[in-house]
Amino acid sequence: MTLPKRLTDQLNKRKANNSLRSLKSTNGLIDFSSNDYLGLSRNDTLKAKVDKLTKDLNLGSTGSRLLSGNSLIAEETESFLTNQFSSESCLILNSGYSANLAVLSCIPQKGDTIFYDELVHASIKDGMRLSLANKKSFRHNDLSDLNKRLATTEGDKYIIVESAYSMDGDFAPLEELIQLCKSNNARLILDEAHTTGVYGLLGGGLSEELGLENKVFCRIYTFGKGMGCHGAAVAGSQELISYLVNFARPFIYTTALPDHSYIVIKEAFSHLSNVGKERTQLHNNIKLYISLYNQHLKNKYARINSDHPIQTILISGNDHVKSLASSLQSSGFDIRPILSPTVKEGQERLRICLHSFNTEDEIKNLVTTLAGL
């Protein structure tokens, strides 16, 4: 049976504007694409430890956490993360996407208002769609615009931002946001997806880095990026976690992670105390790339100012950015184009992810190749 015509038309529209998505493997290219910033997914010491601890475990959890899917290992891992994140309590979910859906779909209620940065991740927007609360966007990192919108709102107020933005690599002005929340009696929900593990001594992201963990109403951590594994967690008060266990449908009605995943999460965070060299190397690689960009690419390509591992080369137009990405891939670099509608039309870009394991020669060769395109 064929697709309905309107769905076929949508696919054809994607083909016409060169934005049709498809799955591609890396085939041994140099990684400048993944979110494995510290290389934990490929760390041999960590893998050996996990293999030893998980060899006798069952393959699956067999049910949701409220039925057969809970375990002592799951609870021990949540207790460990509670201490790691300096929070009252913690709840593990299956992914960052599920965690954002869980929080946004059930915490803000009808009559409340969610204020969200215009560049928040799709999972946040999908979570808000499931909420009965009002939604208002504000200009990216523009606290003046946010403050104006906060002034005319009734009901409980929630502000949702990312600590570091996935397509731009810039940071939220967290200290100022917390002050704004305090003066407007608003609750801050912070998505730490792209700072988890990379910032903060214990991997607690930007909020830990700035010593502001207890000033944030709800923190959402994702483990599939800097931690190199899978899953996510919400950190906050005991009441917040109890409410999620009782009302968050993406938690209640899904099969739980297997015990293998909980052990990987715990061991990955435990391993952070051993990655001081990798963290230093990552930040040195960021400085090296920015320096080389300023020397060789500044007059040719625009970038968004960022000290995060996510770096951007702005290339207007899907056709142009896909062509450049293809040339880079042919030269051995795994770099992907970010197309509209994922970003605004005219804001298409190459998204370059730097890692602790990228060598100086790899970064220099990447910049040299870009300069020649």
Side-chain angles (χ1 to χ4, degrees), residues 31-43 45-46 80-81 83-87 90 92 95-97 99-100 119-121 123 141 161-175 190-213 216 219-235 264-290 303-312 334 351-359 362-363:
D31 184 3
F32 282 105
S33 176
S34 81
N35 298 314
D36 188 19
Y37 305 123
L38 296 171
L40 292 184
S41 74
R42 58 176 72 192
N43 185 284
T45 302
L46 181 57
F80 171 83
L81 291 177
N83 292 326
Q84 199 81 2
F85 297 145
S86 299
S87 62
C90 188
I92 293 175
S95 69
Y97 198 104
N100 278 331
L119 297 187
V120 293
H121 191 263
S123 59
N141 278 347
V161 299
E162 298 178 42
S163 53
Y165 286 85
S166 61
M167 291 296 119
D168 287 32
D170 58 345
F171 294 92
L174 187 56
E175 292 173 304
L190 180 64
D191 183 352
E192 294 265 23
H194 287 277
T195 53
T196 306
V198 180
Y199 296 89
L201 184 63
L202 299 177
L206 185 63
S207 57
E208 185 200 338
E209 182 88 5
L210 299 176
L212 300 171
E213 304 101 304
V216 180
R219 289 172 281 149
I220 302 170
Y221 292 99
T222 298
F223 307 143
K225 305 182 193 310
M227 298 310 301
C229 51
H230 196 73
V234 177
V264 175
I265 292 167
K266 184 178 179 182
E267 292 305 316
F269 273 96
S270 296
H271 190 76
L272 284 179
S273 61
N274 301 319
V275 298
K277 185 174 72 173
E278 285 84 352
R279 277 181 168 171
T280 299
Q281 187 60 55
L282 172 61
H283 292 290
N284 285 342
N285 284 348
I286 296 169
K287 291 176 183 175
L288 173 63
Y289 172 82
I290 294 173
R303 67 182 280 269
I304 295 170
N305 188 41
S306 168
D307 296 322
H308 189 273
I310 297 171
Q311 296 292 316
T312 56
D334 184 18
R351 182 176 183 266
I352 299 169
C353 288
L354 300 169
H355 313 92
S356 60
F357 53 81
N358 289 132
T359 67
E362 288 172 348
I363 296 170

Answer whether the closest heavy-atom distance between the side chains of [X] and [Y] falls below 4.5 Å.
X      : Y      : answer
Leu282 : Leu38  : yes
Asn274 : Asn43  : no
Val120 : Asp191 : no

Could you check whether His271 and Thr45, counting side-chain N and O atoms only, form a donor-acceptor pair closer than 3.5 Å? no

Distance-only polar pair, side chains of Ser123 and His121, donor-acceptor under 3.5 Å: yes

Output yes when a side-chain donor or acceptor of [X] lies under 3.5 Å from a complementary backbone atom of [Y], and no otherwise.
X      : Y      : answer
Glu213 : Phe85  : no
Asn141 : Phe171 : yes
Arg42  : Gly228 : no
Arg351 : Ser166 : yes
Glu267 : Leu46  : no
Asp36  : Leu40  : yes
Glu278 : Gly39  : no
His355 : Phe357 : no
Asn358 : Asp31  : yes

Please name the pair of heavy atoms, one in [X] and one in [Y], separated by the smallest distance, quoted to 0.1 Å.
X      : Y      : value
Gly204 : Tyr221 : O-OH, 2.9 Å
Arg219 : Ser87  : NH2-CB, 3.4 Å
Phe269 : Leu202 : CD2-O, 3.7 Å
Arg279 : Leu201 : NH1-O, 3.3 Å
Thr222 : Lys225 : CG2-CE, 4.1 Å
Ser306 : Ile290 : O-CD1, 3.4 Å

Give, for atom [atom1] of [X] and atom [atom2] of [Y], the distance between the pair rounded to the nearest 0.5 Å.
X      : Y      : atom1 : atom2 : answer
Asp170 : Ile304 : CG    : CD1   : 6.5 Å
Leu288 : Ile363 : CG    : CD1   : 5.0 Å
Asn284 : Thr280 : CG    : OG1   : 6.5 Å
Ile92  : Leu81  : CD1   : CG    : 5.0 Å
Ile220 : Glu162 : CD1   : CD    : 10.0 Å
Leu212 : Ser86  : CG    : OG    : 12.0 Å

Starting from the C-alpha separation in whole Å, work towards a yes-or-no answer on side-chain contact (heavy atoms from CB on, under 4.5 Å) for Ile286 and Gln311. CA-CA 9 Å; Ile286 296 169; Gln311 296 292 316; 4.1 Å; yes

Would you please test His308 and Tyr165 for side-chain contact (heavy atoms from CB on, under 4.5 Å) and show each step? CA-CA 9 Å; His308 189 273; Tyr165 286 85; over 6 Å; no

For side-chain contact (heavy atoms from CB on, under 4.5 Å), just list the numbers for Met227 and Leu272, CA-CA rounded to whole Å, side-chain angles, deciding distance to a tenth of an Å, and then say yes or no. CA-CA 9 Å; Met227 298 310 301; Leu272 284 179; 4.0 Å; yes

Residues passing the side chain to side chain donor-acceptor pair (under 3.5 Å) test with Thr195, sequence neighbours excluded, are Ser163, Glu192

With sequence neighbours excluded, residues passing side chain to side chain donor-acceptor pair (under 3.5 Å) with Tyr199: none

If the plane angle is over 60° it's perpendicular, under 30° parallel, otherwise tilted; pick one for His194 and Tyr37. tilted

